[in-house]
Every structure is written in C-alpha cells, then in structure tokens.
Protein chains: 2
Amino acid sequence: MKAPAQRPELIDEKATECCSLASSPLGAGEAERMTAKLKALSDPTRLRLLSHIAAQGCDAVCACDLLDVLDISQPTVSHHLKKLVDAGLLTREQRGKWAHYTVVRGAFTELRELLDLR
Amino acid sequence: MKAPAQRPELIDEKATECCSLASSPLGAGEAERMTAKLKALSDPTRLRLLSHIAAQGCDAVCACDLLDVLDISQPTVSHHLKKLVDAGLLTREQRGKWAHYTVVRGAFTELRELLDLR
DNA sequence: AGGTCATATAGATGTCCGTCAATGTAAAAT
DNA sequence: ATTTTACATTGACGGACATCTATATGACCT
C-alpha cells in the first residue's frame with residue numbers, strides 16, 4: 001500500500017520577512033482599514049487630482065485650479081476631493097469663497113510600509 | 001474703480017518635491033496604469049490573501065491552504081487570486097493538481113515610490 | 001474506465017461607484 | 001438688494017465588482 005498523496009507541505013519556517021505584509025496575516029478589521037485608503041487612491045481621476053496638488057509642493061491648492069486641469073464636471077471634482085478628504089489624504093480649508101486642499105503629510109507612510117517588499 | 005477680486009495666486013515655485021507624486025502631474029495613461037495595481041490591492045479579501053502568502057516568506061503557497069484561512073467560497077478565492085495574478089502581484093504555478101501562488105518580488109516598488117512623501 | 005479531488009469558469013444577483021445635470025448655499029461684487 | 005461666483009449636495013443612471021451556486025476541467029487514484 002502506497003503512501004497517499006498528501007497536500008503540499010506548509011512552509012512554516014518563521015517566514016523570511018519578505019515584506020511588512022509578512023509580519024503577520026492581516027485580520028479582517030486591519031485589512032478593511034488599509035483598503036479604505038487604497039480605495040481612495042484607486043481611481044485615475046483622484047490620483048491625478050492628488051498629483052496636481054503634490055506637484056505644487058503639497059501646499060494648499062484652490063479647487064478652481066483643479067477644475068481647469070482635468071476634463072470633468074465641477075460636481076465630479078468636488079465629489080472626488082471629498083473622498084480624498086474622508087480618507088485622510090487631503091485636508092480642506094475654506095478661504096473666503098474658495099476651498100483649498102492640502103496633502104496630508106505622512107498619510108502614506110502606513111501604506112508605504114505595507115508595500116515594503118524586500 | 002477697485003481692483004477686481006483675483007483668484008488665489010498659483011504657487012509655481014518649482015514645487016518643493018514633497019513626494020514622487022510631485023515630480024509631475026500624472027497623465028491619464030500613467031494614472032490608469034498605477035490604479036490597476038492599486039485596485040487589485042483595494043479589497044480586504046485580496047489584501048488578506050496576499051498577506052497570508054507573504055507571511056510564509058512570499059514563496060509558493062497552495063491555493064488549498066488559502067481556502068482554509070478565510071471564510072469565503074472556493075470560487076471566490078479563485079476569482080481573487082486570478083485578479084492578483086492579472087495585476088502582476090502574484091504568479092501562478094501548477095504542480096500536479098495543485099495551484100501554487102507566489103508574491104512577485106518588486107511588484108510594489110513602483111507603488112511605494114509613488115507614495116514616497118517626504 | 002470510473003471516481004475523487006483541486007481548481008477554474010459560467011451565470012446570476014445585489015451592491016457599490018463614477019459621472020452628470022440640476023439645485024442649494026454662501027460669500028463677494030455691483 | 002440683487003447678481004455673480006465658487007463650491008457642495010441631490011438624485012438618476014449605467015457600469016463595475018464581490019459573492020454565490022452550479023458546472024466544467026483536468027490530474028491523480030483504484
């Protein structure tokens with residue numbers, strides 16, 4: 001009687017720490033929290049809006065300037081900026097009738113660490 | 001006659017390079033390409049699958065082991081693994097009747113650079 | 001050959017999301 | 001006070017997506 005086919009053996013050498021994802025498997029809550037920021041970045045329009053603000057030193061940029069740059073309607077720009085603020089990637093500041101948006105310093109460090117493959 | 005209200009002045013000091021996003025505003029194509037990978041990461045289930053593979057050294061992990069770990073159906077696991085492969089974050093390798101998935105080294109460097117706020 | 005096991009694919013369903021036109025709001029200008 | 005300007009909110013619509021059940025594929029075992 002031959003030995004039955006067994007499942008491929010699980011490697012449980014304590015894991016060679018190939019990345020910070022490796023430190024320990026993500027729980028449901030943790031995963032949800034990380035994907036909240038990732039989702040906010042996962043839209044071409046939002047990524048371009050962010051890059052335009054970043055391209056001016058990550059300092060406060062008027063929403064009016066962002067409207068000129070991409071070929072989308074004003075409500076859509078407003079919608080996306082709100083999403084970026086809600087995700088903690090931008091802050092909003094009202095100056096008179098203008099709204100200014102600023103990149104949150106350090107907002108990406110957590111994500112960058114998550115993706116820190118070695 | 002008073003001077004008309006003007007838009008808040010645009011800061012065009014060559015941008016203080018606050019992050020790699022800042023180097024230049026992303027074009028439509030570039031943004032689309034970056035969000036492809038980000039979208040693949042923007043689901044809690046996929047992020048957890050990835051983290052389980054990473055937690056074993058980013059080496060080949062049998063799909064059967066991943067099925068045990070999360071409380072979702074087998075087709076759903078298969079679906080998500082395919083998406084991660086399509087995004088270039090995992091590679092698939094068939095061994096007999098088992099499928100093994102491996103984290104692609106360096107798949108995240110581009111993303112990490114994108115998020116490299118200083 | 002027939003059966004079982006691991007995984008993929010197909011189809012269906014409900015939910016989320018990006019976009020827009022229309023409208024609301026609030027500040028500034030006339 | 002009325003109008004204009006900047007921006008947000010609402011509601012509608014179409015497409016994308018996560019998940020499931022059911023079925024197909026393909027490898028191994030007897």
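Reminder, nothing fancy here: chain letters follow the sequence lines and each chain counts from 1.
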> Looking for any heavy atom pair under 4.0 Å, which part of the strands does B:R92 touch: base, sugar-phosphate only, or nothing?
Replying inline: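 The answer is sugar-phosphate, as B:R92 gets under 4.0 Å only of primed atoms, P, OP1 or OP2.
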
>> I need the minimum non-hydrogen distance between A:S42 and B:K39, along with the two atoms involved.
In response: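 So the two residues come closest at O-NZ, 3.3 Å.
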
Using whole Å, what does the distance between atom [atom2] of nucleotide [N] and atom [atom1] of [X] come to?
X      : N      : atom1 : atom2 : result
A:H100 : D:dA8  : NE2   : P     : 11 Å
A:D86  : C:dG18 : CG    : C1'   : 16 Å
A:L41  : C:dG18 : CG    : P     : 12 Å
B:Q94  : C:dA8  : CD    : P     : 7 Å
A:L81  : C:dG18 : CG    : C1'   : 14 Å
B:L38  : C:dG18 : CG    : C1'   : 17 Å
A:L84  : C:dG18 : CG    : C1'   : 13 Å
B:R95  : C:dT7  : CZ    : C1'   : 16 Å

Taking the side chain as C-beta and beyond, is there a heavy-atom pair between [X] and [Y] under 4.5 Å?
X      : Y      : answer
B:V104 : B:L89  : no
B:T102 : B:I53  : no
A:L70  : A:V77  : no
B:L41  : B:R46  : no
A:F108 : A:L115 : no

> Which nucleotide in the list D:dC7, C:dA8, D:dA6 gets nearest to the side chain of A:K97?
Replying inline: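 Within the option list, the nearest is D:dA6.
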
> B:W98 side chain: which of C:dA8, C:dT7, D:dA6 is closest?
Replying inline: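 Shortest atom-to-atom distance from the side chain points to C:dT7.
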
>> At less than 4.0 Å, is any side-chain N or O atom of A:Y101 found next to OP1 or OP2 of D:dA8? Yes or no.
In response: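 Yes.
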
Please tabulate the protein-to-nucleotide N/O contacts below 3.5 Å involving nucleotides 16-22 of chain D, giving atom names and distances.
{"unit_1": "D:dA18", "atom_1": "OP1", "unit_2": "B:R46", "atom_2": "NH1", "d": "3.4"}
{"unit_1": "D:dA18", "atom_1": "OP1", "unit_2": "B:R46", "atom_2": "NH2", "d": "2.8"}
{"unit_1": "D:dA18", "atom_1": "OP2", "unit_2": "B:H79", "atom_2": "NE2", "d": "3.4"}
{"unit_1": "D:dA18", "atom_1": "OP2", "unit_2": "B:K83", "atom_2": "NZ", "d": "3.4"}
{"unit_1": "D:dT19", "atom_1": "OP1", "unit_2": "B:T45", "atom_2": "OG1", "d": "3.3"}
{"unit_1": "D:dT19", "atom_1": "OP2", "unit_2": "B:H80", "atom_2": "NE2", "d": "2.3"}
{"unit_1": "D:dC20", "atom_1": "OP2", "unit_2": "B:S73", "atom_2": "N", "d": "3.1"}
{"unit_1": "D:dC20", "atom_1": "OP2", "unit_2": "B:S73", "atom_2": "OG", "d": "2.9"}
{"unit_1": "D:dC20", "atom_1": "OP2", "unit_2": "B:T76", "atom_2": "OG1", "d": "2.7"}

> So which one's nearest nucleotide on DNA chain C is more toward 5', B:A99 or A:G96?
Replying inline: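 First, find each residue's nearest nucleotide; the 5'-ward one identifies B:A99.
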
>> Check A:D116 with A:R112, please: is the shortest side-chain N to carboxylate O separation under 4.0 Å?
In response: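 So A:R112 does not pair with A:D116 through a salt bridge.
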
